[in-house]
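Note that the coordinates shown come from a computational prediction; the quantities given were computed from them, not determined experimentally. Every chain is numbered from 1, with letters handed out A, B, ... down the list of sequences.
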Number of protein chains: 2
Amino acid sequence: MKTQVTIKDIAKALNISPSTVSRALKDHPDISQKTKDAVNKIAAELDYHPNTIAQSLRKSRSNTIGVVVPELVHHFFASVISGIEDIAYKAGYRVVICQTNEDVTREKINISALISSRVDGVLCSMTKETKEYSHFKSIQNRNIPLIFFDRICNEIKADSVVVQDYEGAYEAVEHLIEQGCKRIAHFKGPDSLLITRQRLNGYYDAMRESHLQIDEDLIIQADDRESARKAIYDLVKSEEPMPDGIFCVNDNVAVGAMMQLREMGINVPREVKIVGFEDDTTFTRLTDPQISSVFQPAFEMGQRATEMFLDELKRKEAHPEKILEPKTPRIEVLKTKVVVRGSSNEQVAQQERARRNYLENV
Amino acid sequence: MKTQVTIKDIAKALNISPSTVSRALKDHPDISQKTKDAVNKIAAELDYHPNTIAQSLRKSRSNTIGVVVPELVHHFFASVISGIEDIAYKAGYRVVICQTNEDVTREKINISALISSRVDGVLCSMTKETKEYSHFKSIQNRNIPLIFFDRICNEIKADSVVVQDYEGAYEAVEHLIEQGCKRIAHFKGPDSLLITRQRLNGYYDAMRESHLQIDEDLIIQADDRESARKAIYDLVKSEEPMPDGIFCVNDNVAVGAMMQLREMGINVPREVKIVGFEDDTTFTRLTDPQISSVFQPAFEMGQRATEMFLDELKRKEAHPEKILEPKTPRIEVLKTKVVVRGSSNEQVAQQERARRNYLENV
DNA sequence: TTGTATGCGTTATCAG
DNA sequence: CTGATAACGCATACAA
């Protein structure tokens, strides 16, 4: 068995020319059925696999989409990727995934590698640290469609998909207010990310709308479990009165806050009510009380981003000569929804507890 | 700005030949420093990115490793992939990830695509449903190194990395026995997977070793949350006495079991003790009580699999002529460790609870 | 209906 | 030190 079976091998075996084999393999109408059958038979026998590298070089398109995400271990990004693959595979595209681990250098290296491998498009969710955008320009300068999702980039003119970060946050805080919270804290993400600024704005506006006083000391940067625990610890230790509600920038923060509150003897939801963001049910339904959260459609986000790529590609192919025709970027906004669970509502918490302690009798 | 900048463009700009440019770019000793500087300057100006597709075709190696996993949303596989990337990138390899979604057809398609894109190696964790192995043979027939990890394939002669599935299971059950359990159930995975058979064997042997009676009705197939809930439900409803311990094939099953037990008014760990497998701390430390589990070094598994690939590659390159020299497959076994938490020990559960309810008074 | 020639971008070989 | 040439595997314009 040869290590590398090529079109030539099939051609030799049948005493025909490589071009005929090439055409036969892709069912070209010019080729006789007899030849096609013979070619396919030999191809199967030799376990021929077309060399995509050669095909890509020849056609100067790789049929590949590059995806850049911070970390795969985040359930959110893993779900987005599933959505991307869903659409991409159906459209005949392969997906190459790159992780940045929140490191800008890694982001640049990855994007450079994607350009080198001549991907047909790039779908990207930025690092927390990204403040310089030349690598994104580099993509666009080559006329490669670039789509941002979730962690989008305001400084680059590119299509993007986000969720209703502002609205979701607004409604989450509104919900806390409806539950009777007066002194509401926000555990926010890094200021560099638009999504966290949007969520912060939603918080501000909901507070203002209800004429609640905004205490800047209650707006605390905390975007993982550990920093959330520390934030709670500091709040409890401080002279100031405790908040009675916390809107967290993501579910992990909500988890950390809840764990720490519990360890420090503070009851959720009675004393402090909590709402997260994302609604990763592998977490939010696991705790006691369960965690209220703003649901984000991750899978759908991946699908939409990929569809936007396909649209953009079509647009570019429609004008093959014109390079870099500018366009006002389209921002697709996906719906969020506040899911109320025990962490923000005593009655619901009671119900959860009741359900948990319900001894079935047939 | 050109869409595609090539070596020729640089050559033209400097009035030198493409081959000189090629050599200058890779710092070939024959080329004068002056030329190198000039070339690099223009390359930077034009934002030249070497075409990896052309390079791959030319050198008939893609510097790419293909990775095939069931699902990215499983924290375990996401961690393994991080380990793979860690070693791969350092060795100058890119990583292409494919998801099968537990679908054999998808597995075959993905592997076919990887062969077509001429990956230099394949790291694979099989589907639950894989019972036919021609696609793996197809890889090996091309002399492409194939390494299995976690869900390995006994029927194919290939290097592989696993954890101490048998020992981990044995110790988990032994631990339950030490906690006083007499009637221990096992929620097992699909029989098609070697890992789940190994874990089952560990269960069997630990039970026999302690002269405990094995009730086949207590060995139940359940490998996700929902099936675990159903299994618990059925056990509670049955005429038979409840088990007092359950060894679960993974953490998700442990979570499902615990939730259902709680809802049905059965106390963990007092009435039923539980141990999971994997120790995904994003779960196991979240519940009340926390979940005891057999720790699996996922990141390390990825690292080792990649190192095995590199070794195998070296071996094959040392004998470039001989194709398919057979070799007794090497199976690397990584250490597991039982992590005891509240779900399997009342004292620990007390401590967790105490810690949770401890009102600090510093 | 099939064959021939050419080129995609790069690099190794050989020549100068 | 540099240049010309061929080849990697495939697809297509053109020829027959």
query: Taking all atoms of both residues into account, what is the closest heavy-atom pair of A:Ser62 and A:Asp120, and its distance?
result: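 Shortest heavy-atom contact: N-OD1, 3.2 Å.
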
task: Please report the shortest heavy-atom distance between A:Thr64 and A:Tyr93, naming the atom on each side.
output: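 Result for this residue pair: N-CD2, 3.7 Å.
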
- prompt: So which nucleotide from D:dG3, C:dT2, C:dG9 ends up closest to the side chain of B:Gln4?
  reply: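 Taking heavy atoms from C-beta onward, the closest nucleotide is C:dG9.
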
- prompt: Hey, are A:Glu107 and A:Thr130 close enough side-chain-wise for a donor-acceptor pair under 3.5 Å?
  reply: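 Yes, because at least one side-chain N or O of A:Thr130 sits under 3.5 Å from a partner of the opposite role on A:Glu107.
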
- prompt: A:Asp47 and side-chain hydrogen bond (donor to acceptor under 3.5 Å, both in side chains): which partner among B:Ser138, B:Ser134, B:Ser112?
  reply: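 Result for side-chain hydrogen bond (donor to acceptor under 3.5 Å, both in side chains) with A:Asp47: B:Ser138.
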
- prompt: In residues 33-44 of chain B, which ones come under 4.0 Å of DNA chain C, going by heavy atoms?
  reply: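 Contacting residues: none.
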
- line: Whether each nucleotide of nucleotides 10-15 of chain D has a protein heavy atom under 4.0 Å at its base (B), only at its sugar-phosphate (S) or at neither (-) is summarised, 5' to 3', as BBBB--

In whole Å, I'd like the distance from the [atom1] atom of [X] to the [atom2] atom of [N].
X: A:Asp27; N: C:dT1; atom1: CG; atom2: C1'; value: 15 Å
X: B:Ile31; N: C:dA12; atom1: CD1; atom2: P; value: 13 Å
X: B:Asp30; N: C:dC14; atom1: CG; atom2: C1'; value: 13 Å

query: If you pin A:Ile53 and B:His28 to their nearest nucleotides in DNA chain D, which one's is more 5'?
result: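 Between the two, 5'-proximity favours B:His28.
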
task: Please say whether more than 12 non-hydrogen atoms of neighbouring residues, nucleotides or ligands are located less than 6.0 Å from NZ in A:Lys131.
output: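 Buried by this count: over 12 neighbours within 6.0 Å.
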
query: Charged N to carboxylate O below 4.0 Å: is that the case for A:Glu312 and A:Arg315?
result: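 A:Arg315 and A:Glu312: salt-bridged.
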
message: Using side chain to side chain donor-acceptor pair (under 3.5 Å), reason through A:Gln33 and A:Asp37 one step at a time and then give a plain yes or no.
response: CA-CA 6 Å; A:Gln33 194 55 48; A:Asp37 291 343; 3.0 Å; yes

message: Looking at D:dG3, I'd like to know if its phosphate oxygens (OP1 or OP2) sit under 4.0 Å from a side-chain N or O belonging to B:Ser17.
response: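 So the side chain of B:Ser17 is within the cut-off, an N or O lying under 4.0 Å from OP1 or OP2 of D:dG3.
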
